[in-house]
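Data block below; observations after.
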Amino acid sequence: MFEYAKMKIMKQFLLILTLVISSYGWSQYTWADISYNPDFDDPMAAADAVMLNDKVYQIFDSVGNRIEVATYDNQFQQWKTIAGLNYSMYPNSIQAVVKNNTIFFVEKTGTAFTKFRVDLTTNNIIQLASTNSYGMLGSNWEFKVSSVTGKMFIAFVNNYSQLMLNEFNTGTNTWTESNITSILNTTTLDISYSNLQLYFSSTNIYVGVSGAIQKMGHAPQSNIAAFQNYNNAGSNDGQIYMNGSAMINGSFYFSGNGQNPPVVTVKDAANNVSYEKPYTSTNLNVLSGTDLPLSFNISNSDHFMLENSAYVFLMSEFSPQSNPNYDQFYVYRKDLSTNIWDS
């Protein structure tokens, strides 16, 4: 729970910093502490934050069975709660996105996900639809929206062993379910604690499982039932390779412009070195000593990323190449016209 709360705080910080950067430029940024919301008095409670029209909105569980939305007033430097909804189920985590100037969020209980919409005209929270009821939902899940198609998906683990990919259909107000366990199968215990990666191109959705075993695959956003291993022109096992052998201990994450297939950043945990490789239909094979490494590593369990057509913003604990000790939190930016990272 601590790691999840930490991730949500990181996301809020990066949203704030990105606003300042977009307004004043990369070289003139400053940090602003807006963490104190008097209505959100339990930092371990379910919460998330998004940015819309230069405003930060926080969605949170206020008293255990009431979801509220607050916005930060930059002029008066204070939070204001603008909407609330009593809810019979007690959420243990919340994730939010923005689509077409509208805030959507999903709250997770122990057995189901429920989708909501925030109406900022009337300051109301509208409950939309719940997924099927599941046996036991893990804490590792991702809810994201494609910036191109506007489609919304969640990837999650059920019953410690099943990897699921669900799509929300805004036209019918229903969820479409796809079990992709047989494609990205790992050991039962490992998948329960693995980091799930979710990324979109203009047409596809990409899912990665980063744990003791590193696997990834994709499907058309129009047909998630057609999910397949990434390396269907190679060994067709979905695994990432290091010097010709399937990577066992390591990690990876996706980045890109949200339109093309992702860049896959792979960390060789044994040597604390990270490499960027393209997502292709053949085996992704990192060749240590041949491939050019990055100058830094990130903590795979504590990072948050924002992407657009020009830049990738990455916030995490960083360590220099070949150094196992992580330093302070930083924001790194990648200029997609040059593919150069700077901090």
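Worth knowing before you read on, the calculation uses all heavy atoms, side chains too, and leaves out hydrogens, waters and symmetry mates.
- When atom types are taken as modelled, the side chain of D73 and the backbone of Q78 share no donor-acceptor pair closer than 3.5 angstrom.
- Closest heavy-atom contact between S130 and T114: OG-OG1, 2.7 Å.
- The side-chain heavy atoms of V273 and S322, taken from C-beta on, include a pair separated by under 4.5 Å.
- Between the CD atom of E177 and the CD1 atom of I154 there is a distance of 9.5 Å, given to the nearest 0.5 Å.
- Using a 4.5 Å cut-off between side-chain heavy atoms of Ile, Leu, Val, Met, Phe, Trp and Tyr, with links allowed through other members, L85 and I94 fall into the same hydrophobic cluster.
- Proximity of L128 to R117: side-chain heavy atoms (C-beta onward) are separated by under 4.5 Å at one or more points.
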| task | Decide side chain to side chain contact (heavy atoms under 4.5 Å, CB included) for M164 and T131; before the verdict, give the C-alpha distance in whole Å, the side-chain angles of both, and the deciding distance to 0.1 Å. | result | CA-CA 12 Å; M164 310 296 296; T131 62; over 6 Å; no

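- In this structure, M242 is not a member of the same hydrophobic cluster as L287, with clusters built from ILVMFWY side-chain heavy atoms closer than 4.5 Å.
- Tracing side-chain contacts under 4.5 Å through hydrophobic residues (I, L, V, M, F, W, Y), one never reaches F60 starting from Y90; they form parts of separate clusters.
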| request: Start with the C-alpha gap between F168 and V106, add the side-chain angles, then the distance that decides, and say whether side chain to side chain contact (heavy atoms under 4.5 Å, CB included) holds. | output: CA-CA 11 Å; F168 183 78; V106 170; over 6 Å; no

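- The shortest distance between side-chain heavy atoms of I298 and M315 does not fall below 4.5 Å.
- With rounding to the nearest 0.5 angstrom, the OG1 atom of T102 is 7.5 Å from the CG atom of L120.
- Across every non-hydrogen atom of Q259 and Y199, the tightest pair is N-OH, 4.2 Å.
- In this structure F116 satisfies the ring-ring contact (aromatic ring centres under 6.0 Å, His included) test together with Y87, F105, sequence neighbours excluded.
- Between L52 and N101 there is a side-chain heavy-atom pair separated by less than 4.5 Å.
- Remark: of the listed residues F40, W79, Y57, W79 is the sole one forming a ring-ring contact (aromatic ring centres under 6.0 Å, His included) with Y72.
- Among residues two or more places apart in sequence or in another chain, the side chain to side chain donor-acceptor pair (under 3.5 Å) test is passed with N179 by T181.
- Without hydrogens or angle criteria, K215 side chain to L184 main chain gives no donor-acceptor distance under 3.5 Å.
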| message | Test side chain to side chain contact (heavy atoms under 4.5 Å, CB included) on V98 and V145; report intermediate values, then the result. | response | CA-CA 8 Å; V98 173; V145 59; over 6 Å; no

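- Although no hydrogens or angles enter the test, the distance criterion places no donor-acceptor pair under 3.5 Å between the side chain of D119 and the main chain of I125.
- Here the shortest heavy-atom pairing between S201 and P261 reads CB-N, 4.0 Å.
- Within the structure, every pair that satisfies the salt bridge (Lys or Arg N to Asp or Glu O under 4.0 Å) test and touches residues 159-173, not counting sequence neighbours, is listed here: K151-E167.
- Under the 6.0 Å cut-off for aromatic ring centres, W175 and F113 do not qualify, their centroids lying 6.0 Å or more apart.
- Taking each heavy atom of N123 and A83 in turn, the nearest pair found is O-CB, 3.5 Å.
- Remark: the backbone N or O of N159 is paired with a side-chain donor or acceptor of S161 at under 3.5 angstrom.
- A donor-acceptor distance shorter than 3.5 angstrom exists from the side chain of N231 to the backbone of G238, with no hydrogens or angles considered.
- Tested against N140 for a side-chain contact (heavy atoms from CB on, under 4.5 Å), the candidates L163, V157, N195 yield a single pass: V157.
- For the atom pair CH2 of W141 and NZ of K108, the computed distance is 7.5 Å after rounding to the nearest 0.5 Å.
- Taken together through direct or relayed side-chain contacts under 4.5 Å among Ile, Leu, Val, Met, Phe, Trp and Tyr, L284 and V263 form parts of separate hydrophobic clusters.
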| From CA spacing to verdict: side chain to side chain contact (heavy atoms under 4.5 Å, CB included), V264, I240 | CA-CA 10 Å; V264 186; I240 294 175; 4.3 Å; yes

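- Put simply, the side chain of F252 reaches to within 4.5 Å of the side chain of M216, judged on heavy atoms.
- The structure places CG of D61 at 9.0 Å from CD of E68, a figure rounded to the nearest 0.5 Å.
- Note that CD of Q239 is 12.0 Å distant from CG of N285, once rounded to the nearest 0.5 Å.
- When every heavy atom of L165 is checked against every heavy atom of I224, the shortest pair comes out as O-CD1, 3.4 Å.
- Under the ring-ring contact (aromatic ring centres under 6.0 Å, His included) criterion, F318 pairs with F296, Y332, sequence neighbours left out.
- Two residues are said to be in side-chain contact when any heavy atoms from C-beta on lie closer than 4.5 Å; K115 and F143 meet this criterion.
- In this structure, the side chain to side chain donor-acceptor pair (under 3.5 Å) partners of Y241, at least two apart in sequence or on a different chain, are S235, D237.
- Side chains of N297 and S274: a donor-acceptor N/O pair is present below 3.5 angstrom, by distance only.
- Ion pair K334/E276 flagged as a salt bridge, since at least one NZ, NE, NH1 or NH2 atom sits closer than 4.0 Å to an Asp/Glu carboxylate oxygen.
- The list of salt bridge (Lys or Arg N to Asp or Glu O under 4.0 Å) pairs with a residue in residues 279-294, not counting sequence neighbours, reads K277-D291.
- Side chain of K55 to backbone of T71: no donor-acceptor contact under 3.5 angstrom is found.
- Hydrophobic clustering, with ILVMFWY side chains joined whenever heavy atoms are under 4.5 angstrom apart, groups L137 together with M152.
- Here F156 and Y134 bring their ring centres to under 6.0 angstrom of each other.
- When only modelled atom types and interatomic distance are considered, S337 and D335 share a side-chain donor-acceptor pair under 3.5 Å.
- The shortest non-hydrogen separation linking V312 to S255 is CG1-CB, 4.2 Å.
- Using a distance-only test at 3.5 Å, with no hydrogens or angles considered, a donor-acceptor pair links the side chain of Q321 to the main chain of L294.
- Rounding to the nearest 0.5 Å places CZ of F227 at 10.5 Å from OH of Y206.
- With a 4.5 Å cut-off on side-chain heavy atoms, S62 and D39 do not count as touching.
- In this structure, V207 and I183 have side chains that are not in contact, with every pair of non-hydrogen atoms separated by 4.5 Å or more.
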